[in-house]
Amino acid sequence: MVTKDSRCLSHMFAAEIFMHRFLLSSAVRTLNPKEADWFYTPVYTTCDLTNAGLPLPFKSPRVMRSAIQYISNKWPFWNRTDGADHFFVVPHDFAACFHYQEEKAIERGILPLLRRATLVQTFGQENHVCLKEGSIIIPPYAPPQKMQAHLISPDTPRSIFVYFRGLFYDTGNDPEGGYYARGARASLWENFKSNPLFDISTDHPATYYEDMQRAVFCLCPLGWAPWSPRLVEAVVFGCIPVIIADDIVLPFADAIPWEEIGVFVEEKDVPKLDTILTSMPIDDILRKQRLLANPSMKQAMLFPQPAQPRDAFHQILNGLARKLPHPEGTFLQPGDQRLNWTAGPVGDLKPW
């Protein structure tokens with residue numbers, strides 16, 4: 001699939017592929033399945049791309065279901081647990097609900113065959129149908145080498161107060177303009193497009209990465225889903241992330257002190273954003289910047305090749321290790337089955 005379209009190595013959903021490559025050469029991998037604590041099944045559901053290079057998740061349930069059917073027929077390991085000792089990386093907007101629009105994702109729910117597996121997913125929102133209990137939340141993929149190539153001197157003054165580049169309205173998918181980002185991005189634009197403290201635009205300049213390194217605050221509003229690569233970019237470039245996404249569950253919360261490095265603004269308070277940010281004490285700003293300058297903070301957000309200690313790959317391994325030993329009930333009795341193979345929309349049941 002990668003040979004057919006190598007663009008699936010560079011978009012923000014590429015973590016699944018790089019996790020696979022990491023494990024192929026990792027010391028934690030065993031070729032003896034009797035020794036294995038976990039089984040990883042790479043499926044590459046994000047490699048079905050549009051002409052514009054965006055992954056569409058509509059075929060993903062069929063691809064995932066066919067992969068599970070294959071491994072359950074070919075080897076005995078899935079059937080011992082109905083997948084409870086397997087993990088899958090599902091980096092779509094709404095993870096294993098496999099839709100980019102929230103209403104449709106909620107309607108679909110998590111793919112039934114994944115309900116005993118552990119999901120490693122970019123999507124995290126409290127009390128949401130598409131966040132499975134016990135999931136490991138990860139950052140989206142942002143290309144480490146590309147960001148490294150755009151680093152500027154850390155002594156460069158931060159002369160931009162608030163920075164954001166991205167869509168405010170998604171007229172193609174949300175013609176009435178009120179549903180996209182639950183209206184938070186529209187509110188940003190309408191309230192602050194003329195505010196001299198806010199450098200916000202839909203333009204994406206060649207100096208985008210450099211500009212983030214010149215900014216004090218980088219806005220990280222929700223889009224169709226609560227997360228975006230801006231969160232990774234802000235941390236890597238030492239720009240204080242302003243997180244506008246109610247009930248978001250952030251990646252690797254045990255390794256990254258989000259409350260200390262970021263600013264959280266409720267979606268309803270977007271019109272007050274200028275007051276919130278200008279009233280922040282300078283000592284608080286400097287403390288957040290010092291924390292963001294810590295290399296380990298940046299490392300935990302990245303999927304570098306080759307892997308490095310304490311990077312996102314290792315944070316995922318730590319998350320899996322914390323789920324061991326497997327709880328009672330993981331291994332089924334002979335003949336026992338917990339999953340309903342005929343559940344879900346009829347279209348998902350067609351072989352891939």
Checking one residue: Y180. Which other hydrophobic residues are in its cluster under the side-chain 4.5 Å linking rule? L56, F58, Y100, L167, Y179, W224
Between L222 and I248, does the side-chain contact (heavy atoms from CB on, under 4.5 Å) criterion hold? Intermediate values first, please. CA-CA 9 Å; L222 73 160; I248 189 171; over 6 Å; no
Quick check: do N195 and D274 have side-chain heavy atoms less than 4.5 Å from each other? yes
Who are the side-chain contact (heavy atoms from CB on, under 4.5 Å) partners of Q315, not counting sequence neighbours? F252, A255, A300, R310, N318
Using atom types as modelled, flag every donor-acceptor pair under 3.5 Å from a side chain in residues 342-352 to any protein atom, sequence neighbours excluded.
unit_1 : atom_1 : unit_2 : atom_2 : d
T342   : OG1    : N340   : OD1    : 2.9
D348   : OD1    : R108   : NH2    : 3.2
D348   : OD2    : R108   : NH2    : 2.3

Can you tell me how far the CG atom of D311 sits from the NE2 atom of H314, to the nearest 0.5 Å? 5.5 Å
Should S201 and F168 count as side-chain neighbours, where that means a heavy-atom distance under 4.5 Å? no
Looking at CD1 of I282 and CG of L286, how far apart are the two atoms once the value is rounded to the nearest 0.5 Å? 4.5 Å
Check whether the ring centres of F303 and F18 lie less than 6.0 Å apart, and answer yes or no. no
Run through the side-chain heavy atoms of Ile, Leu, Val, Met, Phe, Trp and Tyr, join any pair under 4.5 Å, and report what else lands in F123's cluster. M12, F13, F94, L131, I137, W227, V249
Closest non-hydrogen atom pair between C130 and I106, with its separation: SG-N, 4.4 Å
Name all pairs fulfilling the salt bridge (charged side-chain N to carboxylate O under 4.0 Å, His left out) condition that reach into residues 15-38, sequence neighbours left out, sorted by first residue then second. none
What distance separates I240 CD1 from Q289 CD, expressed to the nearest 0.5 Å? 4.5 Å
Please go through I152's hydrophobic cluster and name the other residues, only I, L, V, M, F, W, Y counting, with side-chain heavy atoms under 4.5 Å joining them. none
Interatomic spacing from CD in E260 to CZ in R290 - rounded to 0.5 Å: 12.0 Å
Checking side-chain contact (heavy atoms from CB on, under 4.5 Å) for the pair T278/L197: CA distance, chi angles, key distance, verdict? CA-CA 9 Å; T278 54; L197 293 176; 3.7 Å; yes
Is it the case that one hydrophobic cluster holds both I17 and L24, taking links as side-chain heavy atoms less than 4.5 Å apart, direct or via other members? no
Could you name each residue pair satisfying salt bridge (charged side-chain N to carboxylate O under 4.0 Å, His left out) that touches residues 177-202, not counting sequence neighbours? E102-R182, R165-D199, R182-E267, E190-K193
Mind jotting down which residue pairs meet the salt bridge (charged side-chain N to carboxylate O under 4.0 Å, His left out) criterion with at least one end in residues 316-328? Sequence neighbours excluded, please. D254-R322
Shortest non-hydrogen contact from M147 to V232? CE-CG1, 4.4 Å
Start with the C-alpha distance between H150 and Y208, add both sets of side-chain angles, then the distance that settles side-chain hydrogen bond (donor to acceptor under 3.5 Å, both in side chains), and finish with yes or no. CA-CA 9 Å; H150 287 265; Y208 174 67; over 6 Å; no
F22 and Q305, any side-chain heavy atoms less than 4.5 Å apart: no
Which salt bridge (charged side-chain N to carboxylate O under 4.0 Å, His left out) pairs, counting each pair once, include a residue from residues 127-146, with sequence neighbours left out? none
Going hydrophobic residue to hydrophobic residue with side-chain gaps under 4.5 angstrom, can you get from I276 over to F264? yes
Connecting only ILVMFWY residues whose side-chain heavy atoms lie within less than 4.5 Å of each other, what is the rest of L49's hydrophobic cluster? none
Close side-chain approach of P91 to Y141, heavy-atom, < 4.5 Å: no
Taking V43 as the starting point, is it possible to reach V90 by hopping between hydrophobic residues whose side chains are less than 4.5 Å apart? yes
Between the CD atom in E266 and the CD1 atom in I243, the distance rounded to the nearest 0.5 Å is 13.5 Å
Please evaluate residues T30 and N32 with respect to the criterion side-chain hydrogen bond (donor to acceptor under 3.5 Å, both in side chains), reporting the C-alpha separation (whole Å), side-chain torsions for both, the decisive distance (0.1 Å), and the verdict. CA-CA 5 Å; T30 176; N32 179 357; 5.5 Å; no
Got a second to check how far S60's OG is from H92's NE2, nearest 0.5 Å? 3.5 Å
Is it possible for you to say whether F217 and W258 belong to one hydrophobic cluster, with membership spreading through side-chain heavy-atom contacts below 4.5 Å? yes
I would like to know whether L273 and N191 meet side-chain contact (heavy atoms from CB on, under 4.5 Å); could you show each step before the answer? CA-CA 9 Å; L273 196 53; N191 282 284; over 6 Å; no
For the residue pair Y70 and W75, categorise the inter-ring angle as parallel (less than 30°), tilted (30 to 60°) or perpendicular (more than 60°). perpendicular
Got a sec, which residues hit side chain to side chain donor-acceptor pair (under 3.5 Å) with K104, two or more places apart in sequence or on another chain? none
Under a 4.5 Å cut-off applied to non-hydrogen side-chain atoms, are I138 and V89 in contact? yes
Under the side-chain contact (heavy atoms from CB on, under 4.5 Å) rule, what do K288 and M280 come out as? Steps first, then yes or no, please. CA-CA 11 Å; K288 290 178 187 295; M280 184 172 293; 4.2 Å; yes
Using the disulfide bond (SG atoms under 2.5 Å apart) criterion, which residues pair with C220? Sequence neighbours excluded. none
Is the shortest heavy-atom distance from the side chain of Q148 to the side chain of Y209 under 4.5 Å? no
For R80 and D85: C-alpha separation, side-chain torsions, deciding distance, then whether salt bridge (Lys or Arg N to Asp or Glu O under 4.0 Å) applies. CA-CA 9 Å; R80 298 183 312 178; D85 58 350; 3.6 Å; yes
Find out whether Q101 and N173 are in side-chain contact, i.e. whether some heavy atom of one side chain is under 4.5 Å from a heavy atom of the other. yes
Looking only at non-hydrogen atoms, find the nearest pair between Q125 and P226 and report the distance. OE1-CG, 3.3 Å
Would W78 and H86 count as a close aromatic pair, with their ring centres under 6.0 Å? yes
Connected via hydrophobic side-chain network under 4.5 Å: M212 and F161: yes
Side-chain contact, heavy-atom cut-off 4.5 Å: V162 with F192? no
